[in-house]
Chemist: 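Below is a structure I'd like to ask you about.
Start at 1 and go down the list; that is how both ligands and their atoms are numbered. These numbers come from a predicted model, not from an experiment.
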Amino acid sequence: MTAVVRREQYRGMGAAEFFYRNKEIAGFGNPVRAIYQTIRELVENSLDATEVHGILPRITIQVEEVDKEKGVYRVIVDDNGIGIPPDKAPYAFGRVLYSSKYVARQTRGMYGLGVKMAVLYGQMTTGKPTVVITSPMGYSKSYKFKVKVGVKTNEPEVLERSEAFKSAKWHGTRVIIELEADWRRARNKVLEYVKRTAIVSPYADITLVTPEGLLIRYPRTTTKLPRPPKEVKPHPKGVDVEMMKQLIDKTTAKSLVQFLVSEFQSIGPKTAQTLVSMAHLDPSMNPKALTDSQIKALVDAFREYPRFKPPSAEALSPIGEELIKIGLRSVLKPEFVEAVTRRPSAYEGHPFIVEVGIAYGGEIPPSDAPILYRYANKIPLLYDEKSDVAWKVVGESIDWSNYKVTFPAPLVVLTHIASTKIPYKGVGKESVADIPEIEKELKLAVQEVARKLKAYLTKKEKEEEVQKRVVTLMKYVPEVSRSLSILSIDPKRRKPKVEEKVIEEKLKEVIAKKLGLRKEELPEVVVEIE
Ligand SMILES: Nc1ncnc2c1ncn2[C@@H]1O[C@H](COP(=O)(O)OP(=O)(O)OP(=O)(O)O)[C@@H](O)[C@H]1O
């Protein structure tokens, strides 16, 4: 057989077209996921625009039915965030891979993709642009845009633009996206997402209005915000050749030593000298004159140098034990709650902090396995649970019977990984890869809180045991007191030597002593024997 020679057609593809063709990988695979993901991207941007800047978030999410037959919905998310400067807004919503979050600082957003996927999905399914109304902090006007993503060009297509003077001193952003969606099937996931968001942000006021007219409100329960993250310089352990080249391009340092000291964390003049000599380079040379092999030598020196301080945790904004407990308590109404925030740790030069909370009993329904609430940079992760490192620890490696938990049990375990770079398995941000350092920290954190749960359950078990014995023993008090009193009757005076009441009190004292209680802790009402 002779092979048929077909001419292949070659061409390049821009970022917008790539994601337009592969929307599933960003979480927009079907009409259920699409509306869930749209709401998620908008809410996460709103939280980043408020909390990260020290503003107590007030966020309203409204989902309206536009066309029942075609399944078209309108999603409106409104926030009191910092807003977006008018020259940046069209790009923020119309250019794939455009972001203000490409810096070493913990934010929910990191790819510069999310909202554009929602804009794209909306325009693909309804043909309509996204409406953005924004008023940046410190501006006297508000700006309105109707914008689409240019699929071929990856340039924003602005269909309408207007501006207006503000009547008051507000700032914030409102985004309106119409899209085809399966709200009915997405509904529970959206409700769960909002609930889980509220748990870790008790300082936020979140309202959701559904197409059925249901209004769900999570009012702010504290005004305490987590410490906002600070932008930090890169840590030498996370630097590769490409990153080094980018830093050299940007630097204004005139000598290699100055470059190392000014562009990286954990490098002082002395360490810089050591690194330069490890790479056999001249400390006074201009960094821009470094050849490719010299850059490689410098990166190798970074890898080999054993004494860097760990990456700075200033870029991180953990939720904190107190807020985790407040959140779990107010939303789940458990009988027991505990939380731990571990000390900062690092993988590949990225700092991270693991936090774990446990809620047990109360209004939590029993289930056959721990109910896992996974979070990464405060984002609740609802899909792909079984492929997440947190499930590996909580669902598979921890033996809960060691902590007195036997299933079915009313147990919720909350895990939070805060990092300048979350190792997500995909751009849809649904599960976190099992990086050994993260897995280890998660395990230690779960064990630490689980030990507290065990102590609580042990105490509770003991108390219940004592209560049972109290009831058993107290049952006999009236009868025994009466009998003893009768036995003590003085035949001459025909009166008991010891009154029934006195014996009763004595018996109570004996019982209390035996059970290690105070007499007042015994029940008031004494049950009579039938
Ligand atoms: N509500 C908002 N308030 C202020 N800025 C916003 C808002 N929504 C979007 N932005 C800006 O638009 C940018 C792009 O948002 P987008 O959702 O595409 O990506 P991201 O949040 O940076 O990263 P990711 O794709 O990981 O979510 C953000 O970085 C932010 O600067």
Side-chain angles (χ1 to χ4, degrees), residues 15-16 18-20 22-23 25-28 34 36-55 57-62 75-123 130-139 142-145 147-149 154 156 170-177 193 197 204 206 228-229 231 376-381 419-430 432:
F18 174 80
F19 283 104
Y20 158 71
N22 299 289
K23 55 188 185 314
I25 60 175
F28 285 78
Y36 165 77
Q37 200 72 19
T38 296
I39 292 171
R40 222 189 100 161
E41 298 295 354
L42 294 178
V43 170
E44 279 150 27
N45 283 343
S46 290
L47 284 164
D48 276 346
T50 45
E51 177 201 315
V52 172
H53 302 273
I55 302 169
R58 185 203 34 73
I59 299 169
T60 310
I61 311 150
Q62 208 167 331
V75 175
I76 307 166
V77 174
D78 197 279
D79 66 53
N80 59 337
I82 53 163
I84 313 153
D87 56 324
K88 306 287 189 303
Y91 296 97
F93 289 83
R95 177 183 280 173
V96 170
L97 306 187
Y98 181 89
S99 175
S100 60
K101 300 172 197 167
Y102 296 151
V103 288
R105 178 181 60 164
Q106 178 194 325
T107 45
R108 291 166 173 84
M110 60 192 251
Y111 298 126
L113 178 67
V115 87
K116 274 74 82 170
M117 288 309 297
V119 173
L120 249 178
Y121 195 87
Q123 74 190 58
T130 289
V131 180
V132 183
I133 302 164
T134 186
S135 181
M137 243 175 158
Y139 281 56
S142 72
Y143 304 86
K144 182 173 172 181
F145 301 88
V147 63
K148 282 187 183 179
V149 175
N154 197 18
W170 63 275
H171 51 83
T173 302
R174 167 182 286 227
V175 183
I176 306 163
I177 301 184
Y193 170 78
T197 299
I206 305 176
E231 188 182 329
N377 284 355
K378 301 179 192 158
I379 302 178
L381 310 179
S419 179
T420 47
K421 182 165 183 309
I422 300 284
Y424 288 116
K425 287 188 170 174
V427 286
K429 296 183 185 164
E430 283 305 349
V432 178

Chemist: In the protein, what heavy atom is nearest to atom 29 (O) of ligand 1, and what distance, to one decimal place, separates them?
Modeler: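 The closest heavy atom on the protein side is S100 N, 3.0 Å.
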
Chemist: Quick one: look up the protein heavy atom nearest atom 9 (C) of ligand 1 and list residue, atom name and how far away it is.
Modeler: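 The closest heavy atom on the protein side is N45 ND2, 3.4 Å.
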
Chemist: Is the number of heavy atoms from other residues, nucleotides or ligands within 6.0 Å of NZ (K144) greater than 12?
Modeler: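 No, because the 6.0 Å sphere around NZ of K144 holds 12 heavy atoms or fewer from other groups.
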
Chemist: Which residues pass the salt bridge (charged side-chain N to carboxylate O under 4.0 Å, His left out) test with R58, sequence neighbours left out?
Modeler: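 Here the qualifying residues are D78.
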
Chemist: Does this structure show an ion pair linking K101 with E231, if we count only N-O contacts that are shorter than 4.0 Å?
Modeler: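 Looking at E231 together with K101, the answer is no, because their closest N to O distance does not fall below 4.0 Å.
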
Chemist: For ligand 1, which atoms sit closer than 4.0 Å to a heavy atom of E41?
Modeler: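 Listed by number with element, the hits are 27 (O).
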
Chemist: Among all protein heavy atoms in this structure, tell me which lies nearest to atom 22 (O) of ligand 1, with the distance rounded to 0.1 Å.
Modeler: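 Going by distance alone, atom 22 (O) of ligand 1 is nearest to S99 OG, 2.6 Å.
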
Chemist: Determine whether any heavy atom of G83 lies closer than 4.0 Å to an atom of ligand 1.
Modeler: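 In this structure, G83 qualifies as a contact of ligand 1 - some heavy atom is under 4.0 Å.
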
Chemist: Taking the side chain as every heavy atom from C-beta outward, state whether P86 and F145 have any pair of such atoms under 4.5 Å apart.
Modeler: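 Of all side-chain heavy-atom pairs linking F145 with P86, at least one is under 4.5 Å.
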
Chemist: Could you say whether the N/O atoms of L113 and ligand 1 ever approach to under 3.5 Å?
Modeler: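 Yes, L113 has an N/O under 3.5 Å of an N/O on ligand 1.
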
Chemist: For a quick check under 3.5 Å, do T173 and T134 share a side-chain donor-acceptor pair by atom type?
Modeler: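 Yes, a side-chain donor-acceptor pair sits under 3.5 Å.
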
Chemist: Decide yes or no for Y121 and Q37: does some side-chain heavy atom of the first lie under 4.5 Å from some side-chain heavy atom of the second?
Modeler: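 Side-chain contact under 4.5 Å: no.
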
Chemist: Ligand 1 and A49, any nitrogen or oxygen pair closer than 3.5 angstrom?
Modeler: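 In fact, backbone or side chain, A49 has no N or O that close.
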
Chemist: Do I55 and N80 have side chains that approach each other closer than 4.5 Å (heavy atoms only, starting at C-beta)?
Modeler: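 I55 vs N80: side chains touch.
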
Chemist: Which protein non-hydrogen atom lies closest to atom 16 (P) of ligand 1, naming both residue and atom, and how far is it?
Modeler: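 That would be V115 N, 3.7 Å.
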
Chemist: Among G112, A26, G109, which one has a heavy atom closest to atom 19 (O) of ligand 1?
Modeler: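 That would be G112.
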
Chemist: Counting only N and O atoms by type, is there a donor-acceptor contact under 3.5 Å from the side chain of Q123 to the main-chain atoms of V149?
Modeler: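 Yes, Q123 side chain to V149 backbone: donor-acceptor pair under 3.5 Å.
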
Chemist: Which residue supplies the protein heavy atom nearest to atom 11 (C) of ligand 1, what is that atom called, and how far is it?
Modeler: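 For atom 11 (C) of ligand 1, the nearest protein heavy atom comes out as A92 CB, 4.0 Å.
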
Chemist: Side chain, backbone, both or neither: which applies to T173 and ligand 1 if a contact is any heavy-atom pair less than 4.0 Å apart?
Modeler: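 For T173, the contact with ligand 1 is made by the side chain alone.
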
Chemist: With a 4.0 Å cut-off on heavy atoms, does I82 reach ligand 1?
Modeler: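 False for this residue.
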
Chemist: Using a 4.0 Å cut-off to any heavy atom of K429, which atoms of ligand 1 qualify?
Modeler: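 Ligand 1 atoms under the 4.0 Å threshold to K429: 24 (P), 26 (O), 27 (O).
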
Chemist: Taking distance alone, with N or O pairs closer than 3.5 Å, would you say D48 contacts ligand 1?
Modeler: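 In this structure, D48 places no N or O atom under 3.5 Å from an N or O of ligand 1.
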
Chemist: Quick test: of every protein heavy atom, which one is nearest to atom 1 (N) of ligand 1, and how far off is it to 0.1 Å?
Modeler: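 Of the protein heavy atoms, D79 OD2, 2.9 Å lies nearest.
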
Chemist: Could you check atom 14 (C) of ligand 1 against the protein and tell me its nearest heavy-atom contact, residue, atom and distance included?
Modeler: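 Ranked first by proximity to atom 14 (C) of ligand 1 is K116 NZ, 3.3 Å.
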
Chemist: May I ask you to say whether R108 pairs ionically with E41, meaning some side-chain N is under 4.0 Å from a carboxylate O?
Modeler: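 A salt bridge is absent here (no side-chain N lies under 4.0 Å from a carboxylate O).
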
Chemist: Can you find an N or O of G114 that's nearer than 3.5 Å to an N or O of ligand 1?
Modeler: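 Among all N and O atoms of G114, at least one is under 3.5 Å from an N or O of ligand 1.
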
Chemist: Under 3.5 Å, N or O to N or O, is R108 touching ligand 1 that way?
Modeler: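 N/O-N/O distance under 3.5 Å: no.
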
Chemist: May I ask you to test the K23-F19 pair for a side-chain heavy-atom distance under 4.5 Å?
Modeler: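 Side-chain contact under 4.5 Å: no.
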
Chemist: Can you tell whether the side chains of E51 and K378 come within less than 4.0 Å, N to carboxylate O?
Modeler: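 A salt bridge links E51 with K378.
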
Chemist: K425: what forms a side-chain hydrogen bond (donor to acceptor under 3.5 Å, both in side chains) with it, not counting sequence neighbours?
Modeler: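 Result, side-chain hydrogen bond (donor to acceptor under 3.5 Å, both in side chains) vs K425: none returned.
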
Chemist: State the atoms of ligand 1, each with its element, that fall below the 4.0 Å cut-off from a heavy-atom position in Y98.
Modeler: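 Taking each heavy atom of Y98 in turn, ligand 1 has 14 (C) under 4.0 Å.
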
Chemist: Would you check the N or O atoms of I84, main chain and side chain alike, for any that come under 3.5 Å of an N or O of ligand 1?
Modeler: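 Looking only at distances, the answer is no, because the N/O contact criterion of under 3.5 Å is not met.
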
